[in-house]
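For the single chain, residues carry numbers from 1 onward in sequence order. Because only heavy atoms are used, hydrogens play no part in the values below, and waters and symmetry mates are left out as well, while side chains stay in.
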Amino acid sequence: MTRPGTRVPPLPTRLALLFACLFMLLPGAALAFEPVKISRDDRALDLTATTDIYANQGEAFQVSTAAGTDGIRRRIEVRSATPGHQGDWAVFALANVSEEQLERVIVAPHFRLVGSRLIWPDLGSQRITAITPSEGFALDRVPSPDADVFRITLNPGSVITFVAELTSPNLPQIYLWEPDAYKDTVNSFTLYRGIVLGIAGLLAVFLTILFVVKGTSMLPAAAALAWAVLAYICVDFGFLEKLISITSSDERIWRACAEVALASSLVIFLFAYLNLNRWHVHLGYATFAWVIGLALLFGVAIYDPSIASGIARISLALTATAGILLIIYLGLNRFDRAILLVPTWALILVWLFGGWMTVTGKLDNDIIQPALGGGLVLIVLLIGFTVMQHAFAGGAYQQGLFSDLERQSLALMGSGDTVWDWDVARDRLVTTPDISLRLGLSPGTMHGPARNWLPRLHPDDRDRFKATLDVLLEHRRGKLNHEFRIRAEDGHFHWLQIRARPVLGSNGEIIRCVGTIVDVTEPKNSVERLLADALHDNLTGLPNRQVFLDRLQSVLTIAAASDAVRPTVMAIDIDRYKQVNDSLGIAAGDNILIALTRRLRRLLKPQDTLARISGDQFGLILVSERDPGKVADFADAVSKAIMVPINFANREVILTASIGLSSWVDQQESAASLLGDAELAMYRAKRAGGNRVEPFRPAFRSNGTPDRLQIETDLRRAIERRELSLAYQPIIRLDNGEIAGFEALMRWEHPKRGTIAPAEFIPIAEMTDLIGPLGLFALESATADLMSFEKQTGELPIFMAVNLSSAQLLNADLYAEIRSLLSRTHFDPQRLKLELTESMMLENPEQARLVLSKLKETGISLALDDFGSGYSSLSHLTQFPFDTIKLDKSIVANPSDRGAVLLRSVIAMARQMEMVVVAEGIASDEDAGELAKMGCQFGQSFLFGAPMPPDAVQRLLKERFPLTKRA
């Protein structure tokens, strides 16, 4: 049915229209746009916008043609002429609206810089394999090295649809040219390209020759850049194809390599021209790594040219950015080279900006690509002029002056002085005779760039050395008179003095700096020794007593005005130092003092002061800590540092220290009185047996303080009057918390002074004949009390631990006395444990080993006490018959990861040696559980019970009260 008045087409036309509509609905079919109308006057048309691209359509491609003069669209099918075609096609239509037959060529350039992208750029290739028109045969290809060109003939009034078989879906540009116009355009660009190529080649050859003649570092860099530009232009202008036979895929590799070479040479030129390697060694390393990375891109270009080209283009942008920053910085510092490079770098920035707009498609002009090639040649031309100015500056004047300098150098060499000659232009420093030999180095080590001297200069002199030379170069006048220290091959520093003057070229630039260099080490050391001896101890290098008091007075003045400063003075005296001198000699004593000085220095902070007050006495001003707890911890650290064994002549020497503390509290107190208070406290610690820290108390200033003789007299009476007693501290099993034994601890209740600590009277007893009766009293009382406990509670599986003194161990009668005691009391020897510290066995190890072996044969258990606080020598565990290790609280309570590893290792080692482990100073139930997991069997600390009198122990054993619940 049709509406009235509607014109009905003829039947063939209606069938064609119906068939065309059905065809448009078929998959794989494509429609062409309206044809591009061509007249006789059209010389060149851009068909890119009117060309449709169809990707992955297969080897057979169907398309609906543009409507002809009769208005009918026909169907055509085109098959690929290339095996393995990817199925990429392009379709466009042309209409000849003139009354003449038109001859035209279709041109698809292989490479277009415009729109080629910055990252993963399109580096060009063959674009079109063949073109099939909707009428007639496939178009004939016109030979062309840099484009796909096809000749077509359009009859008057004809409308033809063209289907192009593409090598890839990328078709950056397609033109329709009038043949003569296209030929004229190609010929005109050929002339321009030839001129540009000729200039680029001449520049590259000229800069290379200039490099051979002059040899400065900037010339080879400039020549390399010129050759890189020439290579880039050869590829871009298609000249490379005339030299060697390459395919379109090879051209992509060559193009990528040319861009990488351009990026690399620009980095090298910037670094060499600005002479950045003079002082900035790390910048030289960074530049070297940058160039190596770009060099690796040559290999990448073989496998993926797009990636290599993209990275090279990014490198060009980064180099331009870094260059402008360096030029601004060095120009503000009046570095002439940087200022002269400003015009060239400005042109480079303009060129890069134009290149960026071109590759991103913001510029679309056929002239821009060859114009950028010409811009590169102009950049190289400017660079050539710049480097020539430096290469030939001051030629004749410089040559004449050098002869005079040579005569002066001969005169200096005859006088025995060393000539110091720095060729600034080439950055080469030479000394005659070679100063490297005087420093114990290989010949020529100190020759070369001035930066070679920096690693051997003293760290405090490096910046001064660089600044002195830079100021001389900047001001271009004056004289160089500079002293510095330089390290010789043996590690010692030599003082050198340079006296030189600059030599100017015709352009006013310093081209050379010549003078003498003299070793002034001996005069310098003599002066420093005189100054040091007046203020410092010549053995340890520490400040002497006078300097110590002066610094202390300064600190006290600051403390009076600021609440933030509260100094503490420590007087440190080495115990038994005289015995070391007597037994090992004075040289050994001096070496020990030096070793102790190094240890103490490591504990200090910059604001603290350590001095040697007298022979074996040190003074310390502690300013970094003001909290009493931290001050006490610091004093304990000092004591432990001194106790670390010192190896000397295959012997281990253990020293202890008596330390007196005096804190500043009175603003009227002077430095001398504060040090005197610390020394009073130190003498108090020494009278108490040494190896302790004693804070100062005002009572120390009175004359009523008992001396050692009074304590010795009172101790004799205490033994006679039974004023001594024992207290027992529980030792528990960590796996179940049950009591395993007790340690017997000596107590002395003085009728006038009250409780006196064992650390105060035991050393006095060891130095007299009282230690024997005192030790025998401890053994008799401990064994008697344990037997008394069992009478009330029945037999108990517990042991009794008693401490032995070093004086007892060296007593030949000890073994007989203990055997007599065991026989007299019928005490089971397997329940008696004797505890000894490591230091007890060092005075006479053979005697100690003999006595301990005999005691072990009786069945008595032997424990190595305080393991980890002194030497902790593993050899003691094998040389002496110990069956128990008591870990010191310092190793048990160490919360660090290393402390945990050490604790676990010691316990594992003891278990492997089938030894019992007792841990002292356990702080919490969690720590006890962790120790039990590690394999530690027993624990002893205030967590499980404090030392208690015998009656309290009796009640505890009757009730069998678990100590872990009580804690």
Side-chain angles (χ1 to χ4, degrees), residues 575-576 636 639 643 656-659 681 684-695 705-731 741-783 785 800-811 814 832-840 863-867 869-870 886 888-890 918 920-921 940-942 945-950 952-953:
D575 300 329
R576 301 188 305 277
D636 186 56
S639 179
M643 290 179 63
T656 58
S658 300
I659 303 175
R684 174 76 177 188
K686 206 163 190 65
R687 285 196 298 269
N691 191 21
R692 61 181 296 165
V693 178
E694 188 71 46
T705 304
D707 56 8
R708 189 182 68 84
L709 183 60
Q710 184 63 46
I711 294 177
E712 178 182 345
T713 303
D714 292 345
L715 184 58
R716 291 183 184 275
R717 292 177 181 176
I719 296 174
E720 297 173 359
R721 298 174 183 178
R722 297 288 179 176
E723 292 176 359
L724 299 170
S725 62
L726 294 180
Y728 299 95
Q729 186 173 23
I731 300 173
F742 293 89
E743 181 181 5
L745 303 172
M746 188 75 70
R747 293 292 182 264
W748 180 14
E749 289 296 325
H750 194 278
K752 293 182 180 180
R753 298 180 57 199
T755 303
I756 300 179
E760 188 172 356
F761 65 87
I762 291 294
I764 297 176
E766 289 179 340
M767 290 186 289
T768 63
D769 58 348
L770 297 177
I771 191 62
L774 205 61
L776 190 59
F777 165 79
L779 285 170
E780 292 177 348
S781 299
T783 54
D785 285 341
M800 183 63 68
V802 182
N803 290 282
L804 274 186
S805 170
S806 57
Q808 290 176 270
L809 189 62
L810 298 177
N811 185 3
L814 176 63
L832 179 60
K833 189 183 294 290
L834 299 180
E835 296 185 358
L836 305 94
T837 59
E838 294 175 277
S839 60
M840 295 179 181
L864 181 60
D865 197 10
D866 297 336
F867 185 85
S869 63
K886 292 195 73 172
D888 188 75
K889 62 181 180 181
S890 61
V918 182
E920 293 182 300
Q940 177 184 349
S941 71
F942 281 82
M948 60 187 71
V953 176

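The heavy-atom pair separating Ala681 from Pro695 by the smallest distance is CB-C, 4.0 Å. The shortest non-hydrogen separation linking Gly690 to Ser658 is CA-OG, 3.2 Å. The minimum heavy-atom distance linking Met800 with Ala782 is given by the pair CG-CB, 3.7 Å. Closest approach of Pro947 to Leu745, counting heavy atoms only: CG-CD1, 3.6 Å. What you find for Ser781 and Tyr728 is that their closest heavy atoms are O-OH, 3.6 Å.
One finds the CG atom of Leu864 at 11.0 Å from the NZ atom of Lys886 (value rounded to the nearest 0.5 Å). The distance from the CD1 atom of Ile762 to the CG atom of Leu774 is 5.0 Å, given to the nearest 0.5 Å. The distance from atom CG of Leu814 to atom CG of Leu834, rounded to the nearest 0.5 Å, is 8.0 Å. Within the model, atoms CG of Asp714 and CZ of Phe761 stand 12.0 Å from one another, a figure rounded to the nearest 0.5 Å. Atom CD1 of residue Ile756 and atom CG of residue Leu724 lie 9.5 Å apart, to the nearest 0.5 angstrom. Annotation: the span from Glu920 atom CD to Gln940 atom CD amounts to 5.0 Å, rounded to 0.5 Å.
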| request: Under the side chain to side chain contact (heavy atoms under 4.5 Å, CB included) rule, what do Asp575 and Lys686 come out as? Steps first, then yes or no, please. | output: CA-CA 8 Å; Asp575 300 329; Lys686 206 163 190 65; 2.8 Å; yes
| Can Val802 and Leu832 be said to form a side chain to side chain contact (heavy atoms under 4.5 Å, CB included), step by step? | CA-CA 8 Å; Val802 182; Leu832 179 60; 4.1 Å; yes
| task | Decide side chain to side chain contact (heavy atoms under 4.5 Å, CB included) for Asn691 and Met643; before the verdict, give the C-alpha distance in whole Å, the side-chain angles of both, and the deciding distance to 0.1 Å. | result | CA-CA 9 Å; Asn691 191 21; Met643 290 179 63; 3.6 Å; yes
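A donor-acceptor distance shorter than 3.5 angstrom exists from the side chain of Thr783 to the backbone of Glu780, with no hydrogens or angles considered. Looking at Glu723, its side chain never comes within 3.5 Å of a backbone N or O of Trp748 through a donor-acceptor pair.
By the salt bridge (charged side-chain N to carboxylate O under 4.0 Å, His left out) test, Asp785 is found to be paired with no residue, residues two or more places apart in sequence or in another chain being considered.
Annotation: side chain of Glu835 is not in contact with side chain of Leu804 (no heavy-atom distance under 4.5 Å). Side-chain contact check for Phe742 versus Val953: some heavy-atom pair is nearer than 4.5 Å.
Electrostatic pairing of Glu749 and Arg747 does not count as a salt bridge here, judged by no charged N lying under 4.0 Å from a carboxylate O.
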